Every structure is written in structure tokens, then in C-alpha cells.
Amino acid sequence: MASKPARVESKVPIDYRTVDRVTGPLLFVRDVQNAAYGEIVEISLPNGERRQGQVLDSRKGLAIVQVFGPTMGMNVEQTSVKFLGEVARLAVSDEMLGRVFNGLGEPRDGGPRIVSENRLEIVGNAMNPYSREEPSEFIQTGISTIDVNNTLVRGQKLPIFSGAGLPHNQIAAQIVRQAKLRDSNEGFAVVFAAMGITSEEANYFLKEFETTGALERAVVFLNLSSDPSMERVVTPRMALTCAEYLAYEKDLHVLVVLTDMTNYCEALREVSAAREEVPGRRGYPGYMYTDLATLYERAGKIHGRKGSITQLPILTMPADDVTHPIPDLTGYITEGQVYVSRDLQRKGIYPPIDVLPSLSRLMNQGIGKDRTREDHRGVADQLFATYATGKDQRALSAIVGEDSLSAIDRLYLRAADRFEAEFVNQRADEDRTIDQSLSIAWDILADLPDSELKRIKPELVEKYRPRKAAPPA
Amino acid sequence: MAVVGRVSGPVVIADGLDDAKMFDVVRVGSLGLVGEVIRLVGGAATIQVYEDTTGIRPGDPIENTGQALSVELGPGLLKSIYDGVQRPLDVIQKSLGDFITRGFVAPPLDEKAIWEFTPTAKVGSDVTPGTILGTVQETPLILHKIMVPPGVQGTLKDLKAGKYTIRDPIGSIQTGAGTSPVFLSQKWVVRIPRPVRQKLPPTIPLITGQRVIDSFFPVAKGGTACIPGPFGSGKTVCQQQLAKWADSDVVVYVGCGERGNEMTEVLATFPTLLDPKTKRPLMERTVLIANTSNMPVAAREASVYTGITIAEYYRDMGYDVALMADSTSRWAEAMREISGRLEEMPGEEGYPAYLGRRVAEFYERAGRVVTLSPDGRTGSVTVVGAVSPPGGDTSEPVSQNTLRVTRVFWALDAALAQRRHFPSINWLQSYSLYISDLEPWYGSNLAKDFIQLRQKALEVLQKESELQEIVQLVGVDALPEREKGVLDVARMIREDYLQQSAYDDVDTYTSIQKQYRMLRMILTFSSREQEAIAKGAQVGKLQALPVRTKLSRMKWIPEAELASQFDALELEMSAAVASTATGGA
């Protein structure tokens, strides 16, 4: 974005027929004098097929090329490699809206290629922290657990931490469908990048976009699980480059859905292993934090530009383990996380979002008076505290029985149950406004006496607390 | 001519760089990317490049500057925001736009700014390193003292008041080797600590306005503290609260490999926040270093050194400086990443074998010191490092190496954070080894019984955790009233004292006097409660007292009405508790 192209001097591309070694996704090409780091190459196979690759390591007399796609059919004798003299780029134009591309940015929907003068480097330059604008515009997703407890704001990156078999796709689709600013008709777009997901999942999203009319405002990059895994390393960069173009040059508010980041990281590990690098935790490369940061940090808002990029990455935690390197490193980069819980799912609650381990770091800027409502912060904190205490009491009552709980503890227990059944639970097509969500919250909190509502300022309790008959003892 | 021989990520191997010394700064390729020599093998020099190397190819030229990585120190540092190698991000934005392109060089300090210099040293006097030559009012908050640079010694030959830029000579010093001009700024190599005369014991607390820190686990001025915690446990908010409210003169905040939007928050809020004492914007005493996670990894490695060198420079003027590094794990990971590219033999979890040494060297640069200068002034650098252990498990190498060298441990607890108990510093696991050093200070500057109150409160909390185990088995009703009273008080300490909202206008900062009064109030209540229970009062009744609501709102009592309100409340509370014993037994 807005970058001078890296000055790779143009030269007449030479075909090298000096492939020395093919291991995994890597080609070792001898006698190459000056391949640029990151340069794109075109590989011609003996059967005439062509594939793309990228230089990972370059020295006098040797270039190591990572192939995007399978190395099947390549050989040492006849495969030729052409160094194209430029780094990976994506041609962008507003005709991309409504189109479906593969993981390398080539049309997948049978439509024409995108022809544009505007060809952007897919490895974006880092946004100057000084240019960033503080994200502060509340996005109403219509999902109470997100809007009230873990508010999403424009320019945020908020991943969904999920596990195999949990309804993260439905939640993501519901967010895409319902997300809106209050009182705003500004242009928006969706960029959807699929990495290694099944065709069924991809079809679910495409159908979802089609029926809600979102498809014409969407750009889709699809790398399915049957597609080459090496493409996955490039796919999110294609998608984010496109998103940056739409946001900063076309003034659109872009919501980027990246799914599934776990597959992306696996592909990264595959490349790293093939290069025989020193592995970090669980075999993932030591630079995975930096690599993920170069993706996630491309969310944001810039002073003086109208558009914005909000990211919604989805990742499935292997064995629901949040300390696994993928969710762990992601959590350290993103501004919070939405945590999908298997326990709630088993209880039949949709969306099974557990608010306790979930977090939105930017929520304070987006809520409060003039943004949502003045009691929002206090209500959210009180709900967290109430639900946490209620869950403790639930665990305790499982051991000592509900009867040995004190009266106040029983109130907490009931509040936690109501919280799950009435507040967390909602229909997949239920689009609650923030006021509706807060009313449900107040209705539950009103079961507790005033002296327990310590997180909410007394004057706000006075103003918003529904006065109803004392709850049955 | 030196050329690129090999390029792989941020590591470039140069051929023909014969004159290179270790840690020389070099410029790579036609773009002139900044790099540093980190290994010499025969004629080949290994360079870590501080910028993205995409497009660099074998045969590209390399130029050696012959100098080690250094920072420029002088007026204009405050209010600046730098990347990891001291390039000013605001200048970069003005000349390059919103995205950082490569090979850009900008002077770290504004070369055109005019500073009014007032000499204080006399011409003809002998000057040694650290001698103050004069002053510049850098911001309304900080008087910048212009010092003789380390290594220069002699007779002050010439020095004039006037308006200068940092490039104009303000005078000269006659040294043994000739005449040496003096400027408003000086340079220092970041990887070498600035020299001091003597290190002093830590006897003054850094008052931060954060109750759990000041009362329970204080850090001394010149001390070291570490905050490890999993993501979402509130490390960054803690660090920012310290940067905002700690009573140091100068704050250096290093955002090392962290989120861009969080740096933006710092940039957006610091100028609007007022220093509690002077009512001036906090920015006027702050230097920000932002090397966000997506900025080049080698510059991230350098950023903590850049930060601490700037901190040491203000210390040498006689100021108390606080340095926040968020997060040192990212710094360690940068070391690991570069070490991996160098194909070094890894130590634990892939980190280089020298990780522990580097961490220790860094924290050793903290301290309260007597500076080199002949007037024997003192200054301090307090270092607070955040650690981000994977999965919150502090048995990993970065946490362990940090815990070995830091003396305060603020253990952030994910379980507390999840129930929104902030700051989520666990009171059972955290510790401060400065308590005995600081006890005399608390005794003579605050109250004789403060340390006892603190100890008592910690005992209550310890007792609570023991009682909780019993409650888990038999339920709370099975406890005797006396122990229910302990649980009651422990809950007050946790909810009404330790919890503190960073986002509430009043609660965000609590003076040490108010902390003392609050703690005394709760523990006085505890004694009265136990007395009443001994006389037959029920804890349930005590909990229902109307005065309890007032106690839980102590944190909102304004600082101005501190004494009167607390005195009144103490009387009201004692009377109310006593009434439960006599009237309601």
C-alpha cells in the first residue's frame, strides 16, 4: 500500500535449467548469480505446466525457491525456472467486488482476469504507528455477548477462538450479516480469505453471502483443503492487500474474515521444516509471531482516510488448547478474542460464546455516553463479576449441595443460569440492538440487591435498574 | 567494494567488508537499509538488517559507516516518538506518508529547532564527564541539563549563552589532546551502559498511585520489576498506568513488538492526561519508542537498548526515570529469530544460549546512582519489564531468566482478569524484595504502622485462601462466626481496596496518604468486627450495615477532603459495628 515498489531492477528474465534438488516445496537452483530475496519466479514443468514460486534464500550460485503448489511432476533435468525480477503483486481494481479468486489471486469464478495499472506488493509496508487513528466506532453485531461484553470497534482485529465441531462459521456469518454502525450508511465491503477449509465450509459462506446480498460487496479468495498448501502462505496477504486498496483508496469500511488461521500456520510450519530451520515450540518456526503480526497488524484506521479495516480471523484451537502456539501467539497480537466454548455448546446454547475468557481490548474507546450508553461499562463489568461468581457457586453447590449456599450465593447461582439461558442464548437470525441487549442484562442484574452492584456507579444503578417485585426467596 | 553475498530474511552475509568491526552499522543495497555487523568469519561479515530485505540480491553494494549503533541525546528527545533505532516516526510520516518505506534516514533530533541555552559553568573551570555546563528548558516540565560528554575532560575554554540548534557549537573545552567543541547534543553507543560513579541502595519507593503496587508490592526508585502474565491479563494497562502516574520525572515507554493500536492509544491519551502534581500534559516528560510487532524484527531487538540509553541520559542529569518495556518477551523472541537465522546452536526452547546473560545485562542498567559529575548528584532508572509467557506458563526461559534478576514480581492472574478484577495482580504469588529497604521511608514519610497494616492485610488474604479450601468441602455455614468475619474482611480488601479501575477518573490514581487511610479503615473495621463477634454479633448483620455501602465507596472520596471524610467515616463505622454487638446479639 502506498509503497514505492521495491526497486528490483528489471532485466530480461533468463530461464535457468539448473535445478539441483527438489525437497518438499523447495527448489534449489544452481548458478543463479543475483536472485533478489522475495523475487517471484515462474517454473515450467516438463509437461508444459507452469507454476509460481518465490525466492527464500539467495546467494551467489544458489537460489532457494519456495513453490506455490505441488512439486509433483518437477524434475532436475528438464524443469526450468525464470526469475521475473519483481516481488509478488496483486492487480487491484474495484471490479474485484463480487468476484471469487483462488489463493494466488487468479479468477476462480470463470470471469476475466483483473487488469489494472495498479499492481500492489502483497507484502505491505508496516503502518506508521504515528499515522494510526484510535479505533473508537462501535460496530453493532447484534450478538449480546459481543456487543455488551466484548465490543467490536472499527479497525480492530478480533479473532474467534474455536475448536473442531463448534459453530464458529455460523457466528462469523451472523456477524458479517448483522454488523453495522448505528446511524450510518457508509460504504462497506467484505473480504473473505479461506485457507485450507473444506469445500462444504466454503459453499456455506458463499451461499450465505449470496442469500443476504453480501456477495456483490464481497471479494472472495478461496484456497480449499484440496488446493496446494503452499498457496496458503500467500492467500491472506492477497486478501489484505485487496482490503487495503478498498479501504484506503476507495474509502470503504472493510471487514476481513480470515479462516482458518490454523491451516495457515500449518503451511508455515511445512515450509519451515522443508528449509530445515531450527524449530520453535511444537515445530512451528521461531518467527511465527512476527509473521502473524505482519498479517494481523494490517487492520486499523489511518488519520485523514475514510476507510478502515476490521479483521475477524477464525482459528480452531488444536484439542481446545488455548496455550497451543497458534492461539497463544494470535492472542498476543490481536486486540482480544471471542472464545467459543464447548461446554456451552453441549448445553445447547447458541452462540456458545464464553464471555469470561473472551476480551475486547478496544472496547473502552467504543462504548459509553454518546457511543452506546453511559451504563455500558459498568453493566459489562457487573455481568462478568456476577457470572464468574455464579459459576463458582455452581461448582461449589455440586459438592456441598445448593442448600448449604447462603441466600446471596443462591441469587448469584440463579443469575448465572439466567445469564446463559437469556443473555448468551439467542437465535442465529436474532439481531439485538445494544439497548435490547442492555435491557436483558439489567433484567438479570435486578435479581441482585443494590449492595452487590459494586461495579456500576450508584447514580446509574438508580437510573437504569428496573424496579420489580422482590424475587422469590 | 563490499557486496551482498547471501540474503535470507533479515540476515545478510557481506563479502569484502574487510574493515568491519563487530556491531558496526552498515548500509545495505541501493536503498541503504540500516544493518549491524553481528558476526565476522574470515572475509565474510554477517549483518542483521533493521528493515525488510525483500528485493536485496547478491552483488548489491554495502557501505560501512564504521560506527556502532548509537543514539543522539540532547534537547528534543521528550515528546518524541521513535522506532527501535531512533528514527522519528512523526518525521517519517510527514515525508513518507502513512506506511513506513525502507532505507529512510532522518535525524533523531530536530536539527532546526532553536534552544535557549543558559550557561551555569564558569569559563576557565575544570570540567569532567557529567559536569553540567548549562541548561535548556526542554519542556515546561523538564529542565534539560547540558553535560560534558563521557570521555571529555579539561578546562572550559569558552561557553556562551544564546540561541542554538543542536548542530551549533556552544563553547569548547581545552583537553590534553587539543580543543574539543561542545554541542547541545551528544552520541552514545546503545549497547554500552553509560558510566556512573557509584550505585546506591534502593531506599525510596516509586509511588505509582496503584494501591496493590504501592501498598503491597512496591518497587523502589532504581529498582527492577517484572510483570509476567498471559495475554488479556492486563499487562499493558498496568504498564500504561505506571507510565501515567508513577512519580518519576521522566518516563521512557518502549513498545517492543506490541500492537499498533495500543501505541496509538498511548499517543492519543498521553497528551490529554495531566501530570497529577504539575497539571501539565504527561507527554512533556515522556519519550515513546514504538517498534510494533509488524515492524522489522532486528529493530525490535535494538529498541530496548535505545530506550534504556535515553533513560540513562536523563538519569545522568539527576532525574528519576522510569522505563517501561512492553514486552521483553518480544525482544527475546527477536533474539531467537535472529539466532535461528544465524544457525546458532539453540538453548532452551530455541532461544539462544546467551538469553540469560542479555536479560541480566539489561536489568543491571537500572539503579539509583551517584552520577559521574563532580557535584555528586543522584539519579535513578527504574525498569519495569512486561513478560508475555506462552500460555501464561512462567516456567519458560524468558520469565525464568527475568525472575532471577528482578526484585519485584507482579504475577498477573488470568482467573482474576476473567472476573474483571483489575489490576489482576495475584496477592498470594507476587512479591517485593524491597520491603525491608523501604520500611524506614514509609515509617518516616507516611505512618509508623503502615508496614504492619500491610502485613496484617496480607495475612488476612492468606488466611482467606486457607479457609476457602475448607469452604469448598463443608460450605460456608459450617465456619465459626470469627472465621466468617475473616472471609468478610478479605472480601473487602479484595473488592474495595485491591480492585482499582484504570478508567475511572477518581479511582485511577490513589495518593499514598489515601491508601494508608483506606487500608487503616478496613483493618480497623476488621478489629471492631472481631470484637463485636466476640460479644455475640452475627457476620450477616455486620454485612447488612448501611455503613458498609459507604465503606465500599471509599475509593471515590476526593483527595482534597481526605482527612475530614475518613475521620468521620471511621467514627460512624466504629459506632455502627459496636451497635450490632450490644443491640443485636
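Computed from a predicted model, the values in this text were never measured in an experiment. Chain identifiers are assigned alphabetically (A, B, ...) following the order of the sequence lines, protein sequences preceding nucleic acid strands; residue numbering begins at 1 within each chain.
The main-chain N or O of B/R420 is found under 3.5 Å from a side-chain atom of A/R455 such that the two form a donor-acceptor pair. Remark: the backbone N or O of B/G260 is paired with a side-chain donor or acceptor of A/E297 at under 3.5 angstrom. Within the 3.5 Å criterion, the main-chain N or O of A/N125 finds no donor-acceptor partner in the side chain of B/D52. At distances below 3.5 Å, not a single donor-acceptor pair connects side-chain atoms of A/Y287 with backbone N or O atoms of B/V297.
Among B/A415, B/A334, B/S293, B/P296, the residue with the largest count of heavy-atom pairs under 4.5 Å with chain A is B/S293. Ranked by heavy-atom pairs shorter than 4.5 Å toward chain B, the options A/P135, A/S406, A/G300, A/P285 are led by A/P135. For the options B/P230, B/G350, B/A290, heavy-atom pairs under 4.5 Å to chain A are most numerous at B/P230. Chain B forms more heavy-atom pairs under 4.5 Å with one residue of A/G61, A/A293, A/G38 than with any other, namely A/A293. For the options B/E344, B/Q543, B/Q499, heavy-atom pairs under 4.5 Å to chain A are most numerous at B/Q499. The candidate with the highest count of non-hydrogen atom pairs below 4.5 Å against chain A, out of B/V11, B/V4, B/D90, B/D496, is B/D90. Considering only heavy-atom pairs separated by less than 4.5 Å from chain A, the leading option among B/V7, B/D83, B/T264 is B/V7. Of the listed residues (A/S358, A/G304, A/S58, A/G401), the one with the most heavy-atom contacts under 4.5 Å to chain B is A/S58. No other option in A/D57, A/I408, A/L62 has as many heavy-atom pairs under 4.5 Å with chain B as A/D57. Note on B/R330, B/E337, B/E349, B/R336: by heavy-atom pairs under 4.5 Å with chain A, the leading option is B/R330. The most heavy-atom pairs under 4.5 Å with chain B, out of A/S136, A/A126, A/G336, come from A/A126.
For B/Q418, the parts sitting under 4.5 Å from any heavy atom of chain A are the backbone and the side chain alike. Interface remark: B/E495 contributes side-chain atoms only to the contact with chain A (heavy atom separation under 4.5 Å). Contact of A/L362 with chain B is made through the side chain alone, with heavy-atom distances under 4.5 Å. No part of B/V12 comes within reach of chain A, as not one of its non-hydrogen atoms sits under 4.5 angstrom from that chain. With a 4.5 angstrom heavy-atom cutoff, B/S552 touches chain A only via side-chain atoms. Heavy atoms closer than 4.5 Å to chain A are found in the side chain of B/T292, but not in its backbone. Residue contact with chain A, scored on non-hydrogen atoms closer than 4.5 Å, involves the side chain of B/I81 exclusively. Within the 4.5 angstrom heavy-atom criterion, only backbone atoms of B/V474 (N, CA, C, O) approach chain A. For chain B, the nearby part of A/E452 is the side chain; its heavy atoms alone come within less than 4.5 Å. With a threshold of 4.5 angstrom between heavy atoms, B/D393 does not approach chain A through any atom at all. Using a 4.5 Å cut-off between heavy atoms, A/V355 contacts chain B through its backbone alone, with no side-chain atom that close. There is no contact between B/P10 and chain A, counting heavy-atom distances below 4.5 Å.
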Using salt bridge (Lys or Arg N to Asp or Glu O under 4.0 Å), reason through A/E459 and B/R553 one step at a time and then give a plain yes or no. CA-CA 13 Å; A/E459 60 269 26; B/R553 290 177 186 158; over 6 Å; no
For A/R132 and B/L267, what are the C-alpha separation, side-chain angles and deciding distance, and is it a side chain to side chain contact (heavy atoms under 4.5 Å, CB included)? CA-CA 9 Å; A/R132 279 183 186 270; B/L267 282 173; over 6 Å; no
CA sep, side-chain torsions, deciding dist, call: B/E265, A/R361, salt bridge (Lys or Arg N to Asp or Glu O under 4.0 Å): CA-CA 11 Å; B/E265 197 187 327; A/R361 291 166 189 275; over 6 Å; no
As a quick check of understanding, evaluate side chain to side chain contact (heavy atoms under 4.5 Å, CB included) for A/I302 and B/F99, giving each step before the final call. CA-CA 10 Å; A/I302 296 184; B/F99 292 84; 3.8 Å; yes
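Partners of A/D31 by side-chain contact (heavy atoms from CB on, under 4.5 Å), not counting sequence neighbours, listed by chain and number: A/T18.
Residue B/P390 comes nearest to A/D328 through the heavy atom pair CA-OD2, 2.9 Å, listed as atom of the first residue, atom of the second, then distance. Heavy atoms only, all atoms of each residue included: A/V400 and B/Q472 are closest at CG1-O, 3.7 Å. Residues B/R259 and A/G331 come closest through the heavy atom pair NH2-O, 2.9 Å. B/P58 and A/A35 make their closest contact through CD-O, 3.2 Å (heavy atoms, listed as atom of the first residue, atom of the second, distance). Here the closest heavy-atom approach between residue A/A36 and residue B/G55 is recorded as CB-O, 3.5 Å. Of all the heavy atoms in A/V278 and B/P346, the pair that sits closest is CG1-CG, 3.7 Å.
Separating the CD1 atom in A/I64 from the OG atom in B/S8 is a distance of 7.5 Å, to the nearest 0.5 Å. Within the model, atoms NZ of B/K235 and OH of A/Y332 stand 4.5 Å from one another, a figure rounded to the nearest 0.5 Å. Between the CD atom in B/E262 and the CD atom in A/E335 there is a gap of 7.0 Å [rounded to 0.5 Å]. The CG atom of B/D60 lies 8.0 Å from the CG atom of A/N34; values are rounded to the nearest 0.5 Å. Rounded to the nearest 0.5 angstrom, A/D403 CG and B/D477 CG are separated by 10.5 Å. Interatomic distance, A/Y289 OH to B/S388 OG, rounded to the nearest 0.5 Å: 7.0 Å.
Under the 4.5 Å side-chain criterion, counting only non-hydrogen atoms from C-beta, B/I100 is in contact with A/P129. Inter-residue side-chain proximity for B/D504 and A/K457 is flagged as met; some heavy-atom pair is nearer than 4.5 Å. Taking the side chain as every heavy atom from C-beta outward, B/R300 and A/T290 approach each other to under 4.5 Å. Residues A/R59 and B/I13 form no side-chain contact, since every pair of their non-hydrogen atoms from C-beta on lies 4.5 Å or further apart. Side-chain contact between A/D392 and B/R419 is present, with heavy atoms from C-beta onward closer than 4.5 Å. Using a 4.5 Å heavy-atom threshold, the side chains of B/R548 and A/S451 count as separate.
For B/K550, the NZ atom counts as loosely surrounded, since its 6.0 Å shell holds 12 or fewer non-hydrogen atoms of other residues, nucleotides or ligands. Within 6.0 Å of the NZ atom in B/K79, the count of heavy atoms belonging to other residues, nucleotides or ligands does not exceed 12.
Partner of B/N261 under the side-chain contact (heavy atoms from CB on, under 4.5 Å) criterion, out of A/K157, A/M127, A/E133, A/E134: A/K157 alone.
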